[in-house]
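Presented below is the structure to which this report refers.
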There are 2 protein chains.
Amino acid sequence: MNAPLPDSNPDANPSAAGGTTVLAQVPSFSPLYRQIKGLITGSLQSGEWKPGDMLPSEFELAARYKVSQGTVRKAIDELAQEHLVLRRQGKGTFVATHHEARAQFRFLRLMPDSGQQYYPESKFLEVKRLRAPGEVARLLDLKGGDAVVYIKRVQYFNSVATVLEELWLSGTIFKGLTAERLNEYKGPMYGLFELEFNTTMIRASEKIRAVAADPQVASLLQVEPNWPLLSAERVSFTYGDKPVELRRGLYLTSQHYYSNELN
Amino acid sequence: MNAPLPDSNPDANPSAAGGTTVLAQVPSFSPLYRQIKGLITGSLQSGEWKPGDMLPSEFELAARYKVSQGTVRKAIDELAQEHLVLRRQGKGTFVATHHEARAQFRFLRLMPDSGQQYYPESKFLEVKRLRAPGEVARLLDLKGGDAVVYIKRVQYFNSVATVLEELWLSGTIFKGLTAERLNEYKGPMYGLFELEFNTTMIRASEKIRAVAADPQVASLLQVEPNWPLLSAERVSFTYGDKPVELRRGLYLTSQHYYSNELN
DNA sequence: AAGTGGTCTAGACCACTTT
DNA sequence: AAGTGGTCTAGACCACTTC
């Protein structure tokens with residue numbers, strides 16, 4: 001079933017002087033399995049396999065890249081660990097998607113004290129295009145003045161206003177995102193981004209602080225002015241570690257906490 | 001060099017009916033490499049190899065447990081990923097210790113806006129033994145009324161009071177911990193715990209909120225009353241997922257932020 | 001029965017560190 | 001040169017899912 005491997009691989013066997021190299025010129029130099037990982041990531045990024053799709057089997061990939069199954073396996077191991085793909089024994093390996101229960105809480109760390117997790121409802125206050133302020137442009141790796149989509153919303157947990165969020169999204173990627181579309185789409189925004197803008201969030205970096213609610217924020221979250229709120233400033237990245245979203249959330253932590261595991 | 005493997009392993013080869021099993025009765029049932037991982041963890045826990053020590057080489061361990069080097073390798077892979085051991089190519093595999101630069105910031109997520117990371121200085125306000133309040137006992141898996149060591153301290157970053165912390169430590173493990181010892185020990189507390197109490201923190205779980213400074217806290221951190229502070233309630237675990245420390249920190253986040261990566 | 005991921009082995013060779 | 005972890009291969013067999 002496995003394809004024959006007539007020529008040994010140049011990386012595994014560099015003594016084969018001057019042989020025709022098949023792969024070596026992919027990145028600079030790294031182990032074979034990492035080069036394979038790069039090739040697979042490339043296919044994910046290019047959309048050869050879309051979120052939810054099944055990847056070719058390990059043996060097929062091994063044949064395609066002319067390496068052993070074990071090497072493909074090690075590449076996929078790392079991708080699975082980074083949550084880019086998802087393995088299911090007996091079924092196959094699948095491109096990760098935000099349309100899964102498991103993915104919901106990867107980027108949503110706010111937990112209720114009660115243990116009862118309600119999925120939040122969103123109310124969008126503003127959705128518009130504007131020119132990126134300097135700070136936003138810097139964080140999203142844009143030129144100052146480039147277009148961004150700006151969103152402001154309140155999230156209700158069990159009908160209680162709990163989160164006030166502002167988002168700045170790369171304007172070129174999220175062109176055409178409207179309030180109507182956001183309102184009719186139920187479920188996490190990242191699901192919408194994936195479906196309609198071919199953009200999957202891979203990882204994010206947050207800076208968390210405690211701040212005092214200013215009068216406007218206080219009225220939206222129905223607390224007194226100067227009430228302490230948790231502020232989370234997040235930059236999210238898609239394939240290729242490209243920043244595409246800046247988000248600033250203000251969380252009311254009277255009935256909820258931000259959960260974090262230190263490993 | 002490698003020891004011979006006359007009998008195949010029962011897990012790898014269950015058709016060997018009724019053969020004398022060597023390993024299988026360790027946990028219930030799990031893959032061989034996970035059983036090996038358990039045995040290695042056991043030796044870490046029992047102190048056969050202490051923090052900073054080098055583990056036997058993969059081949060030695062393979063011989064000891066009568067499995068292949070690849071299986072030992074996979075066990076160690078997981079331990080390395082959980083930061084229980086640390087691999088150094090060409091040198092060996094070492095028991096992780098808190099006395100390393102890399103380990104310092106694993107449990108210290110407070111970063112300065114300036115980028116300049118000063119190592120904090122501690123001032124201990126209280127160190128005493130007391131009976132665990134119900135909530136503390138519950139989180140540390142103790143009986144209500146069991147002895148705990150209570151510590152209260154302020155941490156100064158670049159001479160600015162930034163963190164007010166209270167700790168509750170399992171009384172049996174940390175018997176004999178005194179203010180004098182804490183004051184003369186420079187460096188992170190977890191280093192002291194490891195050296196003098198044979199207790200290595202393996203992981204921790206935090207609940208983070210925004211709270212208002214009460215008058216006493218405000219005066220210690222030199223802010224106005226009701227100033228917003230970040231509260232982090234942490235439960236730390238040693239080997240065997242045993243909780244041994246409860247810590248509640250109040251962070252002044254005017255010049256610092258709590259850094260978190262979502263993966 | 002066939003296909004998929006998961007485990008285990010045995011052996012070769014590479015890269016890095018120390019002697 | 002010797003010892004360590006790191007990579008790669010080839011092949012066997014297991015566990016789970018689907019047909």
Side-chain angles (χ1 to χ4, degrees), chain A residues 1-17 21-24 28-37 40 53-63 65-81 85-95, chain B residues 1-16 22-24 29-38 40 53-63 65-81 85-95:
Chain A
M1 176 87 358
N2 195 350
L5 302 174
D7 348 321
S8 52
N9 187 282
D11 295 313
N13 200 355
S15 57
T21 60
V22 181
L23 277 170
S28 58
F29 178 78
S30 51
L32 232 199
Y33 75 89
R34 220 169 267 268
Q35 299 179 39
I36 302 300
K37 181 186 172 190
I40 295 174
D53 285 357
M54 182 177 153
L55 266 64
S57 78
E58 295 178 355
F59 280 108
E60 284 181 80
L61 289 171
Y65 300 127
K66 297 196 199 301
V67 299
S68 77
Q69 183 249 13
T71 299
V72 168
R73 184 165 186 77
K74 192 154 187 193
I76 295 181
D77 276 346
E78 289 200 354
L79 294 171
Q81 205 179 326
V85 302
L86 198 144
R87 320 183 91 135
R88 282 190 254 167
Q89 189 174 21
K91 301 181 80 170
T93 301
F94 298 81
V95 182
Chain B
M1 177 82 10
N2 197 350
L5 302 175
D7 349 320
S8 53
N9 187 283
D11 294 318
N13 200 353
S15 58
V22 182
L23 278 169
F29 179 78
S30 51
L32 233 200
Y33 76 88
R34 219 168 269 264
Q35 299 179 41
I36 303 299
K37 180 186 172 190
I40 295 174
D53 285 359
M54 180 178 155
L55 265 64
S57 78
E58 295 177 355
F59 279 108
E60 285 181 79
L61 289 171
Y65 300 127
K66 297 197 199 302
V67 299
S68 77
Q69 183 250 10
T71 299
V72 168
R73 185 165 185 77
K74 192 155 186 193
I76 294 181
D77 276 345
E78 291 200 353
L79 294 171
Q81 207 181 324
V85 301
L86 199 145
R87 320 183 92 134
R88 283 190 254 169
Q89 188 175 18
K91 300 181 80 171
T93 300
F94 299 81
V95 183

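Chain A is the first sequence line, chain B the second, and so forth, proteins listed ahead of strands; every chain is numbered from 1. Computed from heavy atoms alone, side chains included, the values below leave out hydrogens, waters and symmetry copies. Everything numeric in this text was worked out from a predicted model, so none of it was measured.
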- Item | Proximal nucleotide (of D/dT9, D/dG5, C/dT7) relative to the B/K74 side chain | C/dT7

- Query: Of the candidate nucleotides C/dC8, C/dG6, D/dT9, which contains the atom at the shortest distance from the side chain of A/V67?
  - Reply: D/dT9

- Message: Does B/Q89 reach a base, just sugar-phosphate, or nothing at all? Heavy atoms under 4.0 Å.
- Response: base

- Message: Measuring from the side chain of B/K91 (C-beta onward, heavy atoms only), which nucleotide among C/dT17, C/dC8, D/dC8 has the closest atom?
- Response: C/dT17

- Query: Nearest of C/dT4, C/dT18, C/dG6 to any side-chain atom of A/E58?
  - Reply: C/dG6

- Task: Tell me which nucleotide among C/dC8, C/dT4, C/dT17 gets nearest to the side chain of A/E60.
- Result: C/dT4

- Kindly point out which of C/dG5, C/dT9, D/dC8 is positioned nearest to the side chain of B/L32? C/dT9

- Query: Closer to the 5' end of DNA chain D via nearest nucleotide, is it A/Y33 or B/G90?
  - Reply: B/G90

Using atom types as modelled, flag every donor-acceptor pair under 3.5 Å from a side chain in residues 71-80 of chain A to any protein atom, sequence neighbours excluded.
{"unit_1": "A/T71", "atom_1": "OG1", "unit_2": "A/S68", "atom_2": "OG", "d": "3.3"}
{"unit_1": "A/R73", "atom_1": "NH1", "unit_2": "A/E58", "atom_2": "OE1", "d": "3.2"}
{"unit_1": "A/R73", "atom_1": "NH1", "unit_2": "A/E58", "atom_2": "OE2", "d": "2.8"}
{"unit_1": "A/D77", "atom_1": "OD1", "unit_2": "A/R87", "atom_2": "NH1", "d": "2.4"}
{"unit_1": "A/E78", "atom_1": "OE1", "unit_2": "A/K37", "atom_2": "NZ", "d": "2.9"}
{"unit_1": "A/E78", "atom_1": "OE2", "unit_2": "A/R34", "atom_2": "NH2", "d": "3.1"}

- Message: Pairs counted only when both distances fall under 3.5 Å, Watson-Crick or G-U: show me the 5' to 3' dot-bracket for DNA chain D, [ ] for pseudoknotted crossings and | for other-strand partners.
- Response: ||||||||||||||||||.

- Grab the CG-P distance between B/L79 and D/dG5 for me, whole Å please. 13 Å

- Of the listed D/dG6, C/dT9, D/dT9, the closest approach to the A/S68 side chain comes from D/dT9

